[in-house]
Amino acid sequence: MFQCKDLLSLTTMSQANVIAGSGGMEKGIRWSYKAENINFEKWVRGNELLIVSAPVTQRKNFDLYQTIKKAIELNMSCALLLMGENYVTQINEKVIDLAENNDFPLFTMPWNVPLLDFFEELGHAISYLDDRKDIEDSLLAEIIFGNCINTSSIEQKCRQMGNDPGMLEQVFVLHLCKKSSEETCNELNQGITNDKIRNYAQTLKEYFSQCNYPAIVSCYGDRIIGFMRNCAGDRKKIIEIFERFVKFLQNDPNEIEYTLNIGETCENLSKLQKSFHETSKTNSVLEHINRKNKIVFYDEIGFYRMLMSYENTAPMQQFANEVLSPVMQYEKKAHTQLIETMWAYFECDCNLQRTADKLFSHKNTVKYRLHRVEQLTGKNFTNRYQSQELYNALMIYYFLEKG
């Protein structure tokens, strides 16, 4: 069963913290409930994750202490507090003591993390752990959700499958979604069923086998996840395997798009979980910077490798905010596409016409938007140093906010 501690293994919870109640991290979560008001007793049955967000925090009679107390009385498992203006702004000691004394985990997370992505990933994780049937799924679950990786158990499962544990050196994550030029993958992914994803994984596994390249291939939600030996000396063969799989996808009437990242080589089994989460996060970034339908290796993600090496992301966040905050604040009020236009402009090597074609806009529209960015930030795209600052800030923004 999915447990409170497993929340921290979700990609969308990468910015979350546990601030109290760590003694209850083994509690199971059967579903989540986002409170709309403080009278939610008729909507819960126990073992839910309570999400405290804007709908309830903006009510005049909102009281965080009473909300958490009610959740505990209703046998809910834990609570996720979204922090920020118009959300939860402060947590007093009385609330902390309540959670600690009742082993009720309290998680905090920035308000601007997309809840749609979180709900989707949480739903996949809960159903996956409830429904896993074979040893491959068990191995994958242990690597993804293990609170502390048991290398002996992983080795044993690997041998039971007829594989040498030494092959678990590199992770790849293949995220599949329906093709669309107007809507995001997550909004349309409902068209690809779990059974379909599992069939895709089986096909890819067969391609690896036919090429005599040992790999463990499984699936989790809308992602195909694989483990294989270090492919540094066999990159051409790996590319051939995935290119063959891509041709297979192109024949599917669902019109599939994908992001594919092949992660950093792991020195030992204990590094697998960290590699998986980094690779998944890179996939999310690739999706948002529009590097779809490409085979991307870890050593090809450039600047993002450096970003992922920092555990303390606060200085990066501060830099991105200093550069882009005026643009983002303007976008909220004017509902413009300045961020998207900037990124497309850099993607198109700062060529106005190519940018306009990419955005299906007029060249003068792009020119106006870029000029507005210059006015808001005080930086000039023709100045190499200032232009690089804008580009770096954008990369950090996509890495931290979208990854």
Side-chain angles (χ1 to χ4, degrees), residues 84-86 110-117 175 177-189 191 255-259 281-294 296 300-304 307 316-403:
E85 187 178 355
N86 297 323
W111 67 270
N112 55 355
V113 173
L115 277 184
L116 179 64
D117 294 347
H175 181 210
C177 58
K178 285 188 68 175
K179 186 176 183 180
S180 173
S181 58
E182 297 178 354
E183 299 180 62
T184 66
C185 289
N186 283 337
E187 289 166 340
L188 284 181
N189 201 55
E255 294 189 297
I256 304 297
E257 279 191 328
Y258 67 89
T259 52
K281 185 166 186 175
T282 302
N283 252 20
S284 299
V285 172
L286 292 174
E287 196 169 291
H288 285 283
I289 66 176
N290 205 29
R291 286 195 68 181
K292 299 176 185 175
N293 305 323
K294 299 179 187 296
V296 181
E300 295 174 337
I301 61 175
F303 188 62
Y304 290 112
L307 296 184
M316 290 189 282
Q317 184 76 69
Q318 182 179 353
F319 169 72
N321 288 343
E322 287 173 356
V323 176
L324 297 178
S325 182
V327 178
M328 291 187 286
Q329 289 176 12
Y330 180 81
E331 282 207 328
K332 285 181 181 178
K333 295 178 182 177
H335 304 290
T336 58
Q337 296 175 293
L338 301 185
I339 294 288
E340 181 185 356
T341 301
M342 289 169 63
W343 185 260
Y345 182 63
F346 285 122
E347 270 195 319
C348 295
D349 298 322
C350 301
N351 183 293
L352 281 174
Q353 188 57 60
R354 284 173 56 195
T355 306
D357 293 342
K358 184 178 181 67
L359 297 174
F360 302 100
S361 301
H362 193 277
K363 182 178 177 180
N364 287 340
T365 302
V366 173
K367 193 173 182 178
Y368 168 78
R369 290 176 183 169
L370 295 177
H371 179 61
R372 194 75 187 95
V373 170
E374 290 179 331
Q375 290 178 321
L376 291 166
T377 62
K379 301 185 187 300
N380 197 309
F381 284 100
T382 59
N383 181 300
R384 185 174 180 180
Y385 177 77
Q386 293 177 1
S387 179
Q388 188 65 44
E389 271 200 300
L390 288 169
Y391 183 51
N392 288 344
L394 271 177
M395 293 182 78
I396 292 171
Y397 166 75
Y398 279 114
F399 177 73
L400 293 179
E401 304 297 331
K402 304 293 186 181

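Quick note: residue numbers are just sequence positions, from 1.
Contact record, Val327 with Leu338: CG1-CB, 3.7 Å, taken as the closest heavy-atom pair. In this structure, Met316 and Ile396 approach most closely via the heavy-atom pair O-CG2, 3.5 Å. In plain terms, the two heavy atoms of Ala393 and Ala320 that are nearest each other are O-CB, 4.0 Å. Scanning all heavy atoms of the two residues, the minimum distance from Gln386 to Gly378 falls at OE1-O, 4.2 Å. Counting all heavy atoms, side chain and backbone alike, Trp111 lies closest to Gly84 at CD1-CA, 3.7 Å. Of all heavy-atom pairs between Glu374 and Asn380, the closest is OE2-OD1, 3.1 Å.
Thr336 places no side-chain N or O within donor-acceptor distance of the main-chain N or O of Ala334, the cut-off being under 3.5 Å. Side-chain N or O atoms of Asp349 include none that pairs as donor or acceptor with a backbone N or O of Asn351 at under 3.5 Å. Listed for the Tyr258 side chain is no donor-acceptor partner under 3.5 Å among the backbone atoms of His175. Judged by distance alone, the side chain of Glu331 and the main-chain N or O of Ile339 form a donor-acceptor pair under 3.5 Å.
For Gln353, the CD atom is densely surrounded, since the number of other residues' heavy atoms within 6.0 Å is greater than 12. Environment of OH in Tyr368: sparse, with no more than 12 heavy atoms of neighbouring residues, nucleotides or ligands closer than 6.0 Å.
In this structure, Tyr345 OH and Leu390 CG are separated by 10.5 Å, a value rounded to the nearest 0.5 Å. Here the NZ-CD distance, from Lys294 to Glu300, works out to 10.5 Å after rounding to the nearest 0.5 Å. How far CD of Gln329 is from CG of Asn321: 9.5 Å, rounded to the nearest 0.5 Å. Interatomic distance, Trp343 CH2 to Thr355 OG1, rounded to the nearest 0.5 Å: 12.5 Å. Distance check: Asn364 CG to His371 NE2 gives 13.0 Å after rounding to the nearest 0.5 Å. A distance of 12.0 Å separates OG in Ser325 from CD in Gln318, rounded to the nearest 0.5 Å.
Remark: Glu389 engages Lys379 in a salt bridge (charged side-chain N to carboxylate O under 4.0 Å, His left out) (not counting sequence neighbours).
Between Leu352 and Leu370, some side-chain heavy-atom pair lies under the 4.5 Å cut-off. Looking only at side-chain heavy atoms (C-beta outward), Glu257 and Asn293 come within less than 4.5 Å of each other.
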key: Working for side chain to side chain contact (heavy atoms under 4.5 Å, CB included), residues Tyr330 and Arg372   = CA-CA 10 Å; Tyr330 180 81; Arg372 194 75 187 95; 3.4 Å; yes
ask   = Can you check side chain to side chain contact (heavy atoms under 4.5 Å, CB included) on Arg369 and Ser361, steps first, answer last?
value = CA-CA 11 Å; Arg369 290 176 183 169; Ser361 301; 4.1 Å; yes
Pair Phe399-Lys281, side chain to side chain contact (heavy atoms under 4.5 Å, CB included): steps then yes or no = CA-CA 8 Å; Phe399 177 73; Lys281 185 166 186 175; 4.0 Å; yes
ask   = Stepwise, does the side chain to side chain contact (heavy atoms under 4.5 Å, CB included) test hold for Tyr304 with Thr282?
value = CA-CA 8 Å; Tyr304 290 112; Thr282 302; 5.8 Å; no
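Between Phe381 and Phe346, the ring planes are tilted. Angles from 30° to 60° get that label.
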